[in-house]
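Accompanying notes for the structure given below.
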Number of protein chains: 2
Amino acid sequence: MGRHETISRRQLVQVQDRFIAAWGQMGAAWGVSRTMAEVYALLYITAQPLNTDDVMDRLRISRGNASMSLRALAEWGLVSRAHKRGDRKEYFIAEQDVWALSRKVMRERLRREVLPLLATLHELRDATDNRTEQPAGAPLRLASDDEPAPADARKPVTAAEVRQLNDRIDSLLELVQTVDRLGERFVGSDGKGLRLAANMLSKII
Amino acid sequence: MGRHETISRRQLVQVQDRFIAAWGQMGAAWGVSRTMAEVYALLYITAQPLNTDDVMDRLRISRGNASMSLRALAEWGLVSRAHKRGDRKEYFIAEQDVWALSRKVMRERLRREVLPLLATLHELRDATDNRTEQPAGAPLRLASDDEPAPADARKPVTAAEVRQLNDRIDSLLELVQTVDRLGERFVGSDGKGLRLAANMLSKII
DNA sequence: CTGGATTTTCAATAATCCGTGAAAGAAGGC
DNA sequence: GCCTTCTTTCACGGATTATTGAAAATCCAG
């Protein structure tokens, strides 16, 4: 519907640069390093395979940095490698489907951040609420007990205190588990699962 | 269901410390500073109002740091201030409902990170696809044009290139908008909206 | 195998972020 | 008002993280 005006190549490049900058900033606000996000943005917005030198030149970063970032992106599954005949350089292609992109990012973040937290919470939960059926010799260890106990702070812990502690941990556990399940479901679903979910929810809530 | 064993106060504190550490680590993986997350965790897990000195002592951080973190938490709406009669110190209480907590965190992150990105994307979109109905005098400006154009890189930009650029920006815009709307909906919903959503989705997808 | 082209690694350096503590500021009691 | 108590601010320095660049490793054609 829009009429496309002719724009200069310079303007095009400027728009791309601003896009890359914005994307990099957003990446940084998440746990992704700015450069890594920028490299992805470059590959995405230019919409063509680029090699390490292209990335270096366009983003004005060192060869090492470019190499590292591209590798990390490949590990996350966000870019794929390609080759051109008669050219020994390696080219990189950005995942084009932004919905697939978001799924892949979520998958990695669940795996790297949520799962460890879940594990720790479960462990803590077990440490204060030992079920009767727990095997006698189970190596349930609080943090090491090797230092001599300080003389004070010896007043007994009431059952109420323990219950409260457990309740809090449980509440958080429930939240994190919900997030995890929700994420897993999204990650597992194919296509534009997120969009679907959004539409569904807008009718429900 | 579980039998609560008596545990020493030391063990209790150790469990709390591990909880705090885990929470802090997770916070750091998100955009929240580690200390801020730890202070919240402390307030949450001990389940009682603490003042600045309590926080300093327990977390072994400086007064300034404690003060800053508590203030930031209050700004995010994650802790509230309270006073005790006959005590001039200010006490802080953690938001107890983890679902409310997650809503507040999401609200802030939407506001701080998603909205600016949306604004930029819209702006870029407008910069390359000028609608015919656009007012003549609208201050639509690409990045400043004050530098002399380099002699090369002057070959014209094809319509296809512009279309492709716009398509990419649009795709991303759709994704970010979906996330935003989804988040807004969640933020707006009261109670355990997330949990509800999770249940709903599990049946749908 | 060799030589050149390309990529990866990593120690040094730079940039950034984070925490400190002293000093300044506010809030109350008297 | 003035002193005491508590809170906030902020320049500095320390710690962490990112980036560089050159050397080492890898790869392939001939």
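These values consider heavy atoms only, across backbone and side chains, with no hydrogens, waters or symmetry-generated copies. Proteins come first, then strands; the chains are lettered A, B, ... in the order of their sequence lines, and each starts at number 1.
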Mind checking salt bridge (Lys or Arg N to Asp or Glu O under 4.0 Å) for [X] and listing every partner two or more places apart, or none if nothing turns up?
{"X": "A:E108", "value": "A:R111, A:R112"}
{"X": "A:K104", "value": "A:E95"}
{"X": "B:E113", "value": "B:R109"}
{"X": "A:R107", "value": "none"}

**Study point:** Nearest-nucleotide 5' precedence on DNA chain C, B:R60 against A:K89
**Key:** A:K89
Review point. When you match B:V32 and B:R88 each to their closest nucleotide on DNA chain C, which lands nearer the 5' end?
Key: B:V32
**Study point:** Shortest non-hydrogen contact between A:S171 and B:Y44, atoms and distance
**Key:** CB-OH, 3.6 Å
Check your understanding: Using a cut-off of 4.0 Å on non-hydrogen atoms, how would the nucleic acid contact of A:R63 be classed: base, sugar-phosphate, or nothing?
Key -> base
Who are the side-chain hydrogen bond (donor to acceptor under 3.5 Å, both in side chains) partners of [X], not counting sequence neighbours?
{"X": "B:R181", "answer": "none"}
{"X": "A:R88", "answer": "none"}
{"X": "A:R168", "answer": "B:Q96"}

Point to revise | First-last contacting nucleotides on DNA chain D - partner chain B, under 4.0 angstrom, heavy atom | key: D:dT4 to D:dC10
Review point. For DNA chain C, which nucleotides open and close the run of contacts to chain A, 5' to 3', at under 4.0 angstrom from a non-hydrogen atom?
Key: C:dG4 to C:dC10
Revision key, fill the gap. Bend of the helix from C:dC1-D:dG30 to C:dC30-D:dG1 from end-axis comparison, five pairs per end, nearest 10°, comes to 20°
Determine all donor-acceptor pairs shorter than 3.5 Å in which one atom belongs to a side chain in residues 23-36 of chain A; sequence neighbours excluded.
from  : atom 1 : to    : atom 2 : distance (Å)
A:S33 : OG     : A:M36 : N      : 3.3

Show me the donor-acceptor pairs within less than 3.5 Å that the side chains of residues 49-60 of chain A make with the rest of the protein, sequence neighbours left out.
from  : atom 1 : to    : atom 2 : distance (Å)
A:N51 : OD1    : A:D53 : N      : 2.9
A:N51 : OD1    : A:D54 : N      : 2.8
A:N51 : ND2    : A:Y91 : OH     : 3.3
A:D53 : OD2    : A:R63 : NH2    : 2.9
A:D54 : OD2    : A:N51 : N      : 3.0
A:R58 : NE     : A:D17 : OD1    : 3.4
A:R58 : NH1    : A:Q16 : OE1    : 3.3
A:R58 : NH2    : A:Q16 : OE1    : 2.9
A:R58 : NH2    : A:D17 : OD1    : 3.1

